[in-house]
Amino acid sequence: MSGDALSGAALRRRTRALTTPRGLFLAAALLLCALPVIKDVRDPDFWWHVRTGELILDRGSLLGTDPYTYTVSSHHWTMHEWLWEVLVAGLHRVGGLALVVVAVSLVTWAGLVLLYRRAALRRPHHVALGIGMIVAVVTGSPIWGPRVQMLTFALTCLVLLVVERHLRGGGRAVWLLVPVFLVWSNLHSGFVIGAGFIVLVLAAELVAGRLGWRGAAPHDRVVTLIKVLAACAAVVVLNPNGPGIYLYPFETQGSAAQQALIQEWHSPDFHDASLIPLELMLLSLAVMVTVTRTVNARDAVLALATTALALQSTRHIVLFVAAATPLWVEQADIVGRRIAAGRRPPGVRAAVASAPVRPPRAARALAWTVLGGLSAGILLTLGTGASTREDSLSYARSYPVCATRWLQASPAGLHIFNQYGEGGYLADKLYSHGDRVFIFGDAALMGDDMLQRYGAVEDLVPGWEAIIRDSGTDLVLFDAGASLTNLLERSPRWIRVYQDPYSEAFVPATEAGQALMARLAPQPVFAPSSSDTCAQLQHQGAHGTTA
């Protein structure tokens with residue numbers, strides 16, 4: 001039989017499988033998983049990554065120091081995300097935010113498909129598998145969106161899939177991890193996570209094999225995986241930072257200032273409704289493992305390690321999802337089968353097993369109708385997320401869009417004390433104008449001393465004004481309603497020169513500050529009927545209510 005005939009027969013088999021209840025359920029579950037991961041840009045660091053990629057492309061080389069601040073521009077910059085920055089800048093040049101949203105959404109969904117494939121290796125019931133994938137994507141919802149961490153999520157899922165396939169069936173495909181780690185080490189320092197997971201799996205398998213535990217992988221496969229890990233560790237140094245790339249993630253993880261200042265590094269607040277799915281997934285997994293008492297060593301180690309990481313930091317939730325979802329699916333499958341076996345007598349079970357399936361034509365029509373509807377919903381959601389403009393009202397409620405427009409109309413070369421989370425947006429939009437910010441989102445580049453100085457100002461620690469003044473600041477731009485902003489409004493030592501529902505700007509009430517105030521662009525005034533984004537922000541307020 002020819003290759004074309006074989007491929008046609010395989011396609012027909014897959015099409016028929018798709019029209020079965022199992023196929024329809026799983027296909028629908030995977031399509032549903034695409035919806036929560038399609039989001040517009042909400043990561044405050046996205047903007048400086050784009051600008052940095054643009055500068056790398058324009059200059060043809062990496063940046064040794066940052067061009068965005070007036071405070072730490074002499075600090076050495078370990079550019080561990082340079083390839084991601086180049087890729088996202090290239091996408092942005094070609095298709096703007098729309099192409100970035102589409103591309104990163106597809107990468108995230110690809111990671112979920114890889115996660116599905118790993119869970120499916122355990123041959124669970126399709127209901128447990130489909131529900132497990134929905135649980136996983138809802139649990140990770142606070143983190144999904146266009147950001148480099150989605151590459152790390154997808155590559156982590158790939159690594160765990162390849163490792164598990166190797167331990168189950170052997171073969172040479174595991175050596176594909178070597179080029180994966182070569183690329184990953186230039187995309188993001190999260191490659192350390194993938195390597196760490198392999199180390200945990202190896203440790204679990206070595207102990208399980210030594211003690212003769214059930215489910216331990218054959219020793220020769222474990223030895224091969226050790227060799228692959230060594231090769232991966234060797235090729236990782238083939239990046240612009242050399243062996244120093246190994247130190248970067250641990251510097252970030254070990255920085256008390258970063259852990260305290262950056263919200264995503266904080267432990268999950270389970271009073272936040274968006275984190276309730278994580279709580280439920282953790283609790284249900286713990287209950288099911290207690291009931292079944294059936295878990296292999298590598299699953300146990302990965303679940304425990306990533307549970308600790310997720311409870312330490314919100315940003316690590318996706319690592320728990322990547323590592324623990326197959327175990328959740330397996331446990332749900334075991335519990336479900338036990339419940340079903342206990343509730344149905346043998347005769348009923350046999351009748352159910354031999355019950356006729358629905359007619360192929362009706363099943364085919366239902367399958368394509370449902371899957372077509374879900375696909376249309378995904379395209380609509382993708383189009384909505386991709387069509388959001390950078391100067392839209394949605395972004396103006398999340399970033400200093402209107403204040404940035406005002407600054408672009410003012411004298412160039414200003415030194416701006418800014419909110420930490422907005423430094424990336426300001427750095428991107430004001431770089432060409434010549435303005436520089438006090439701080440932006442590469443916390444390791446900023447350094448602990450800089451983060452602590454910023455934190456002292458934000459928390460209004462005695463001496464905060466001296467920190468602003470001594471750094472050479474011309475203007476303070478901060479969120480409306482923040483403690484610092486409220487204090488500056490009441491202080492006779494500061495003059496407000498700009499205000500919108502999201503941001504306010506101040507200059508010192510000194511001779512230099514008053515001279516600068518005379519040169520700044522005037523406060524914008526909009527007609528009530530104006531459709532301008534900043535006019536809408538003024539009229540509706542920062543949160544969508546009438547001002």
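FYI, side chains are in, hydrogens and waters are out, and symmetry mates aren't considered; it's all heavy atoms of this structure. Keep in mind it's a predicted model, so treat the numbers as computed, not measured.
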Geometric class of the H92/F46 ring pair [parallel <30°, tilted 30-60°, perpendicular >60°]: perpendicular
Note, V321 side chain near L115 side chain (heavy atom, < 4.5 Å): yes
Side-chain donor or acceptor of S267 paired with backbone N/O of Q312 under 3.5 Å: yes
Of D66, N241, D442, the residue whose pairing with W77 passes side-chain hydrogen bond (donor to acceptor under 3.5 Å, both in side chains): D442
Over all atoms of both residues, closest heavy-atom pair of V235 and V178: CG2-O, 3.5 Å
Residues F270, L278; criterion side-chain contact (heavy atoms from CB on, under 4.5 Å); working and verdict: CA-CA 9 Å; F270 289 112; L278 170 64; 4.1 Å; yes
Nearest heavy-atom neighbours spanning H75 and M446: CE1-O, 3.3 Å
Donor-acceptor contact present, side-chain H166 to main-chain R221, <3.5 Å: yes
Side-chain (R118) to main-chain (A322) donor-acceptor, under 3.5 angstrom: yes
L167 side chain near V201 side chain, heavy-atom distance below 4.5 Å: yes
Test side-chain contact (heavy atoms from CB on, under 4.5 Å) applied to L160 and T156, step by step: CA-CA 6 Å; L160 291 174; T156 298; 4.1 Å; yes
Check: S141 and K39 side chains under 4.5 Å, non-hydrogen atoms: yes
Test item: F191 and N186 side chains (from C-beta on) under 4.5 Å apart, heavy atoms: no
Salt-bridge present (E164, R117; N to O < 4.0 Å): no
Student check: side-chain heavy atoms of I56 and M79 closer than 4.5 Å: yes
Closest approach of N239 to I245 (non-hydrogen atoms, all atoms of both residues): ND2-CG2, 3.4 Å
Side chain Q331, main chain L285, donor-acceptor under 3.5 Å: no
L26 and L30: CA distance, side-chain angles, deciding distance, side-chain contact (heavy atoms from CB on, under 4.5 Å) verdict: CA-CA 6 Å; L26 292 176; L30 281 177; 5.8 Å; no
Check: S313 side chain, L309 main-chain N or O, donor-acceptor pair, under 3.5 Å: no
Pair Y68-T52, side chain to side chain donor-acceptor pair (under 3.5 Å): steps then yes or no: CA-CA 10 Å; Y68 308 127; T52 301; 2.8 Å; yes
All side chain to side chain donor-acceptor pair (under 3.5 Å) counterparts of R59, not counting sequence neighbours: Y431
Flag if over 12 foreign heavy atoms under 6.0 Å of CH2, W328: yes
Sub-4.5 Å side-chain heavy-atom contact between D299 and P326: no
Nearest heavy-atom neighbours spanning A297 and A208: CB-CB, 4.0 Å
Non-hydrogen atoms of A120 and L129 that approach each other most closely: CB-CD2, 4.1 Å
Non-hydrogen side-chain atoms of T325 and T139 separated by less than 4.5 Å: no
Pair listing, ring pair (Phe, Tyr, Trp, His ring centres under 6.0 Å) test, anchored in residues 128-154, at least two apart: W144-F153
Closest non-hydrogen atom pair, V37 against C33: CG1-O, 3.7 Å
side-chain contact (heavy atoms from CB on, under 4.5 Å) assessment of T292 paired with R338: CA-CA 9 Å; T292 66; R338 288 183 182 180; 4.2 Å; yes
Sub-4.5 Å side-chain heavy-atom contact between I198 and L177: yes
Stepwise side chain to side chain donor-acceptor pair (under 3.5 Å) test for T152 and R147: CA-CA 10 Å; T152 285; R147 54 195 306 170; over 6 Å; no
